[in-house]
Each structure stands twice: as structure tokens, then as C-alpha cells.
**Q** 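Submitted below is the structure of interest, expressed as C-alpha cells.
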Amino acid sequence: MSILSVLAAIGVLALLIVVHELGHFLAARWQGIHVNRFSVGFGPVLWKYQGKQTEYALRGIPLGGYVGFPDDDPTSPIPPDDPDLLKNRPILDRAIVISAGVIANLLFAYLVLVTQVAVVGIQQVNYSPGVLIQEVLSLPNQSQAAAQAGLKSGDTILRAGEQSFEASEQTVEQFRQLIQASEGKPLLMQVKRGDQTLNLTVTPQPMEDSFSIGIRMRPNVASVQNRKARGLGEIFTQAAADYQRLTLDILKGFGQILSNFGATAGQVSGPVGIVNQVSQYARTDLKTLFVITAALSINLAIINILPLPALDGGQLSFLLVEAVRGRPLPESFQAGVMQTGLFLLLGLGVFLTVKDTLAWISQRALP
């Protein structure tokens, strides 16, 4: 891992956080709401500038940021009944400010994909017959069928049962349907491994409400080429298609984590793990870096909109309760919930940082 790739990864995360906080800031200023601080990063101040209303600051730790409002600042000269304080604005105005960070990240992700299509071009994939096995899973709570059958990472499944897998993007879905249709009965497969063609039998195992053989797979890609987009129309259309597909994949991933948290909790990463992963992508190609940047921006939006204390979704939940009951919850109660949520989030962040750092050190120590 080079220093440049690590710096690129940190730069990506910092940029996404700036975009998020800038959404809150611009939504407030657009409505004439007082904002007294706009900070990029946490920790010691490296640079700051005092504008007419707002202090702008750049701090030493770039993995964070915040927008400060004078509502609860005892040193602020603004009277507490000022109609342009955030807390004195109607519910809709406050909701716009609170949700603007999420909206900014979603819009930014689309703009990144537009830039990617315009700069890199439109990807054209040529497929070869078969389903490529990326990984044979071996965790105790996962199906062991593939490992027991002798399948290995890098194998290509050419045929299963009576079905041959032609060169197509749909081969993975076809194979999944075949596994479910087997209802646990043995499947004879023709597998290509290097220059060999093997006949192996796999018996799908029941996992919750479906059947699985315990592999990660993808279509068998022969080559990937990029071509220039034919005008602005195709750039925006292709970016929209990529955006939709990426968002659905991310939502499916969140669904899998929530539905099977015990098995997937170990896959959750903190800032160090994300920097490690993004730095690896930064060394591959420009298109991948664009896509991972868009994906992280969408992830940041989804996480922030969750109705959890100390997140944007938690504050929106308070506004919803206020709208229903006609008055806000007591400030002491809201502050207590937010402080508890912030404490838990900080604790989770420290835990993930330590976990990811130890994993990174162990990877570096491997021969």
C-alpha cells in the first residue's frame, strides 16, 4: 500500500464528509438561518477564517466535520427568540436543513458517476461461457456444499444438471434459480479448472428459507472495454442506470447485514478499514475509484438517514414526533438521547478503528 493511495483514500472520505456538511450549511444559509461554525475535520485547528456570520475552520483530523448553530451557544450575541435561529423555525425548515446532508451525498454520488462516464467512458463487457467462482465459503454458519464437493476459487461452472451456461450476464441468476429448484437434490456439474474439465457433484444445503452451496460467484468475464459516450444524453442516462444499480446493490447489502447480523457483523468496517479498502481500489484503475467514491457517498447517506440517536435520521424522528404531538419533546430528553447515541457511536468508532488497525498490522506482517 503506497502513501499516495492512502492519501487518496483519506481524501475521498474527507471529500464525502465535506459534501455532507456542506449540504446542511447551504440549506441553512439558503433559508437565512444563522450558522456560526463550519468545520472540516476534528481536533486541533490548522486554519480558520471568521466571516460575517460564520467561522470556517480546517482541523487536524480530516475524517469528520460539523456545522455549528448558535442556538445553544451561551456566548452567542443572538437573542434566544430570534426567528432565524434553527430551533425557532417551522418543522419543514428544520427538516430541510437536517436532511440536506443526506440529499447532498446522494446527488454527489450521481455527479461522480456522470463524471466517470464522461471521463472513462461506457463499459462494454464481453462474456465467456460459465459461472466463475470467486470464493468458496468456509464459515461454520454457511453452506459447506461447495467445499465438500471439491470446488475451488477460480473454477468455472460450465454446466449444472441439464442446463449449460452460455456467455451471458445472466448466468449467476440462472445458477441461483437452478440451486433453488434442486430442493437439495444432488447436482452433477461440469467444471473447468485451468486446462482440466472435471465432473463434480454438489448437494445444495438448506439455509433458512432457501438452498445454498456456499460460494461467491460472478459471470465469466472475458474482457472489458470502454467506449466514449455518444453525447450528453447518453452520459446522463448511463450514469442514472449505474446509480440505480449501485443503490439497489447497497440496499441489498444493508438488508443482508440487518437480517443476519451475527454472521455479517465482522464485515463492518470503521475509518481505518475503509481507508485500507479504498486505497486498494485507488491503485487499480480510475473507473473503480469513481465507483467506490459514489458507493461510499450513498452508504454515508443511508447510514445518516437511519432513525438512530446522533444521526440525521434521529433528529428527523424527533421532528416527526413534534409534528404528531403538536409540540417538541422536552429539550432535556432530546439532549440525553443524543448524548447517549453519540457516546455509543464514538464507542463503536473506537472499537472498529482498533479492530481494523490490528487487521491492517497483521496483513502487513504477513510474509
Side-chain angles (χ1 to χ4, degrees), residues 1 123 125-225 249 252-253 256-257 259-260 262-269 273 276-277 279-281 283-285 287-288 291-292 356 359-360 362-367:
M1 187 189 307
Q123 191 176 81
V125 181
N126 299 314
Y127 296 96
S128 291
V131 179
L132 181 65
I133 299 177
Q134 294 178 285
E135 181 183 2
V136 177
L137 306 178
S138 59
L139 294 177
N141 58 346
Q142 295 170 335
S143 172
Q144 306 292 311
Q148 293 169 0
L151 288 168
K152 296 182 178 180
S153 300
D155 287 352
T156 301
I157 303 172
L158 301 175
R159 184 181 180 87
E162 300 298 322
Q163 183 167 351
S164 297
F165 300 108
E166 306 297 333
S168 168
E169 186 181 5
Q170 308 303 321
T171 52
V172 169
E173 184 58 32
Q174 293 169 1
F175 188 45
R176 284 200 182 105
Q177 293 176 3
L178 187 63
I179 291 172
Q180 302 311 313
S182 73
E183 298 182 345
K185 296 177 182 178
L187 282 173
L188 179 62
M189 300 189 303
Q190 186 180 74
V191 177
K192 184 177 180 182
R193 180 179 297 164
D195 295 331
Q196 295 179 298
T197 300
L198 308 174
N199 292 316
L200 302 175
T201 300
V202 64
T203 303
Q205 297 174 355
M207 299 294 293
E208 298 181 353
D209 298 328
S210 61
F211 290 89
S212 171
I213 66 170
I215 61 171
R216 298 189 194 280
M217 53 188 169
R218 65 171 175 81
N220 190 16
V221 176
S223 63
V224 179
Q225 298 174 327
D249 287 344
K252 288 178 183 177
Q256 292 174 357
I257 290 175
S259 63
N260 195 17
T264 57
Q267 301 174 14
V268 179
S269 294
N276 184 24
Q277 294 173 29
S279 64
Q280 294 177 25
Y281 286 118
R283 292 183 297 168
T284 55
D285 61 81
K287 179 185 184 301
T288 306
V291 173
I292 196 64
D356 293 336
W360 181 77
S362 66
Q363 289 175 2
R364 299 279 290 183
L366 291 175

**Q** Please examine the side chains of F165 and L158, heavy atoms only from C-beta on, and report whether any two atoms are closer than 4.5 Å.
**A**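 They are not in contact (no side-chain heavy atoms under 4.5 Å apart), so the answer is no.
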**Q** If you look at every heavy atom in R218 and V221, which pair is closest and at what distance?
**A**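 Closest pair (atom of R218, atom of V221, distance): NH1-CG2, 3.5 Å.
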**Q** Which atom pair, heavy atoms only, marks the closest approach of Q205 to A145?
**A**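 Distance-wise, the nearest heavy atoms are NE2-N, 3.6 Å.
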**Q** Can you tell me how far the NZ atom of K152 sits from the CD1 atom of I133, to the nearest 0.5 Å?
**A**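 If we round to the nearest 0.5 Å, K152:NZ and I133:CD1 are 11.5 Å apart.
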**Q** May I ask you to test the Q177-Q163 pair for a side-chain heavy-atom distance under 4.5 Å?
**A**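 Answer no - side chains too far apart.
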**Q** Please answer whether the main-chain N or O of S153 pairs with a side-chain N or O of E135 as donor and acceptor at a distance below 3.5 Å.
**A**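 Side chain of E135 to backbone of S153, a donor-acceptor pair under 3.5 Å: no, none is there.
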**Q** State, to 0.1 Å, how close Q170 and S168 come at their nearest heavy-atom pair, and which atoms those are.
**A**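 Scanning both residues, the minimum pair turns out to be N-OG, 2.9 Å.
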**Q** Could you measure the distance from the CZ atom of R193 to the CG atom of L200? Nearest 0.5 Å is fine.
**A**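 So the gap between those two atoms works out to 6.5 Å.
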**Q** Any idea which heavy atoms bring P219 and E169 closest together, and the distance?
**A**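 Minimum heavy-atom contact is CG-O, 3.6 Å.
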**Q** Taking side chain as C-beta onward, heavy atoms only, is T197 less than 4.5 Å from Q190?
**A**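 Yes, side chains in contact.
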**Q** So how far is it from I213 CD1 to F175 CZ, rounded to the nearest 0.5 Å?
**A**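 Output value for this atom pair is 4.0 Å.
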**Q** Contact between I157 and M217 at the side-chain level, heavy atoms closer than 4.5 Å - yes or no?
**A**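 Of all side-chain heavy-atom pairs linking M217 with I157, none is under 4.5 Å.
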**Q** Locate the shortest heavy-atom distance separating A146 from V202; write the atom from each residue and the value.
**A**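 Distance-wise, the nearest heavy atoms are N-CG2, 4.2 Å.
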**Q** Using 0.5 Å steps for rounding, measure from the OG1 atom of T201 to the CG atom of L187.
**A**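 Reported to 0.5 Å precision, the distance equals 8.5 Å.
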**Q** What closest approach, in Å, do T156 and P129 show between heavy atoms, and which atom pair accounts for it?
**A**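 T156 and P129 have their closest heavy atoms at CG2-O, 3.8 Å.
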**Q** For residues V191 and L151, determine if any side-chain heavy atom of one lies less than 4.5 Å from a side-chain heavy atom of the other.
**A**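 Yes - at least one pair of side-chain heavy atoms lies under 4.5 Å apart.
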